[in-house]
Q: 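Below is one structure. I have some questions about it.
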Amino acid sequence: MLNQPSSPTLLLLAADAILVAHLVFVGFVVLGLAAIVTGKLRHWAWVCNPWFRWLHLAAIGIVVAQAWMGMICPLTQWEMALRQQAGEPGYAGTFISHWLGTLLYYDFPEWVFAVGYSLFGILVVTSWLWARPRPCSRQAPRHNQT
């Protein structure tokens with residue numbers, strides 16, 4: 001007999017998948033900025049790709065806006081709703097949810113997150129001024145040959 005779509009196991013699996021997606025989003029925002037700075041210093045053309053840069057800017061912009069509006073991330077809300085439907089509180093569930101949840105969630109006042117996200121957002125905007133996005137050229141970078 002197949003499990004029903006609302007079985008606790010499937011609900012927890014879906015919640016874990018959302019948590020992993022949340023971690024990937026956070027990784028994109030944090031590691032994206034690190035890649036931009038490193039790429040600028042190492043002359044990596046791909047870090048100036050406008051698609052990458054606009055997506056990166058939009059991602060941190062959403063986080064900053066949600067923080068200042070006092071909104072809880074929709075991914076967090078969805079994940080927690082699934083865990084509650086499965087009969088579990090918070091992150092007492094599976095191995096994945098416990099460890100990834102520990103990496104993502106901290107118990108600080110909301111203003112700490114709003115300020116932190118805003119400062120990170122300022123760094124992202126500053127990276128636009130320092131390493132401006134532009135269409136990537138199809139030619140290999142030229143090197144001085146002396």
Side-chain angles (χ1 to χ4, degrees), residues 3-142:
N3 289 337
Q4 304 237 348
S6 61
S7 75
T9 302
L10 288 178
L11 290 169
L12 291 174
L13 185 60
D16 286 347
I18 292 169
L19 182 60
V20 170
H22 204 169
L23 184 63
V24 168
F25 181 86
V26 170
F28 173 70
V29 170
V30 174
L31 297 176
L33 181 59
I36 291 164
V37 171
T38 303
K40 171 68 173 171
L41 295 172
R42 299 182 63 94
H43 307 288
W44 297 341
W46 69 269
V47 299
C48 293
N49 180 299
W51 285 99
F52 168 69
R53 299 299 293 280
W54 279 110
L55 284 173
H56 189 252
L57 183 64
I60 190 60
I62 289 168
V63 171
V64 170
Q66 285 176 345
W68 282 107
M69 290 188 289
M71 295 175 58
I72 296 174
C73 176
L75 291 174
T76 301
Q77 291 176 333
W78 193 13
E79 176 198 350
M80 298 309 289
L82 288 169
R83 291 194 189 288
Q84 288 172 352
Q85 283 181 328
E88 287 199 359
Y91 290 99
T94 66
F95 175 83
I96 292 171
S97 67
H98 173 75
W99 289 106
L100 292 182
T102 300
L103 292 172
L104 284 177
Y105 304 107
Y106 300 96
D107 189 22
F108 293 121
E110 287 185 33
W111 69 266
V112 172
F113 292 103
V115 169
Y117 297 152
S118 296
L119 291 173
F120 195 88
I122 289 168
L123 289 175
V124 171
V125 171
T126 302
S127 78
W128 272 69
L129 302 173
W130 182 58
R132 294 193 182 268
R134 63 183 176 280
C136 295
S137 66
R138 301 243 185 248
Q139 298 176 351
R142 297 180 187 179

Q: Restricting to side-chain contact (heavy atoms from CB on, under 4.5 Å), what partner residues turn up for A35, sequence neighbours left out?
A: W46
Q: Quick one: CG on L33 to OG1 on T126, what's the gap to the nearest 0.5 Å?
A: 9.0 Å
Q: Would you call F113 and V63 a side-chain contact if the rule is heavy atoms closer than 4.5 Å?
A: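 No. Closest side-chain heavy atoms not under 4.5 Å.
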Q: Could you give me the CA-CA distance, side-chain angles and deciding distance for I36 and F52, then say whether side-chain contact (heavy atoms from CB on, under 4.5 Å) is met?
A: CA-CA 10 Å; I36 291 164; F52 168 69; 3.6 Å; yes
Q: Measure the NE2-CG distance between H22 and D16 for me, rounded to the nearest 0.5 Å.
A: 14.0 Å
Q: With rounding to the nearest 0.5 angstrom, report the CD1 to CG distance, I18 to L82.
A: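 Taking CD1 in I18 and CG in L82, the distance rounds to 4.5 Å.
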Q: Kindly indicate whether the side chain of M80, heavy atoms from C-beta on, has any atom under 4.5 Å from the side chain of T76.
A: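 In contact.
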Q: Can you list every pair that meets side chain to side chain donor-acceptor pair (under 3.5 Å) and has a residue in residues 52-61, with sequence neighbours left out?
A: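 Output for this query lists R53-S127.
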Q: Restricting to side chain to side chain donor-acceptor pair (under 3.5 Å), what partner residues turn up for W111, sequence neighbours left out?
A: none
Q: Using every non-hydrogen atom in the two residues, find where P133 and P50 come nearest and quote the distance to one decimal.
A: CB-CA, 4.1 Å
Q: Could you measure the distance from the CG atom of L23 to the CG atom of L75? Nearest 0.5 Å is fine.
A: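 The distance works out to 11.5 Å.
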Q: Would you say that L12 contacts R83 through its side chain, given a criterion of any heavy-atom pair below 4.5 Å between the two side chains?
A: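 Touching, per the 4.5 Å side-chain cut-off.
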Q: Which pair of heavy atoms, one from A15 and one from E79, lies closest together, and at what distance?
A: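 Scanning both residues completely, I find the closest heavy atoms to be O-CG, 3.6 Å.
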Q: To the closest 0.5 Å, what do you measure between CG (L13) and OG (S7)?
A: 9.0 Å
Q: Quick one: list whatever passes side-chain contact (heavy atoms from CB on, under 4.5 Å) with A59, sequence neighbours left out.
A: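 So A59 forms a side-chain contact (heavy atoms from CB on, under 4.5 Å) with F25, F28, V29.
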Q: Are more than 12 heavy atoms, taken from residues, nucleotides or ligands other than W44, located less than 6.0 Å from that residue's CH2 atom?
A: yes
Q: Drop me the distance from Q66's CD to I62's CD1, to the nearest 0.5 angstrom.
A: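 Rounded to the nearest 0.5 Å, the CD-CD1 separation comes to 7.0 Å.
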Q: Looking at every heavy atom in both W68 and A114, which two are closest together, and how far apart are they?
A: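 Nearest heavy atoms, W68 then A114: NE1-O, 3.6 Å.
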Q: Tell me every residue that passes side-chain contact (heavy atoms from CB on, under 4.5 Å) with Q77, counting only those two or more places apart in sequence or in another chain.
A: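 Applying side-chain contact (heavy atoms from CB on, under 4.5 Å) to Q77 gives I72.
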Q: Go through the structure and list residues passing side chain to side chain donor-acceptor pair (under 3.5 Å) with T38, not counting sequence neighbours.
A: none
Q: How close do I60 and G121 get, counting heavy atoms only, and between which atoms?
A: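 For I60 versus G121, the nearest heavy atoms are CG1-CA, 3.7 Å.
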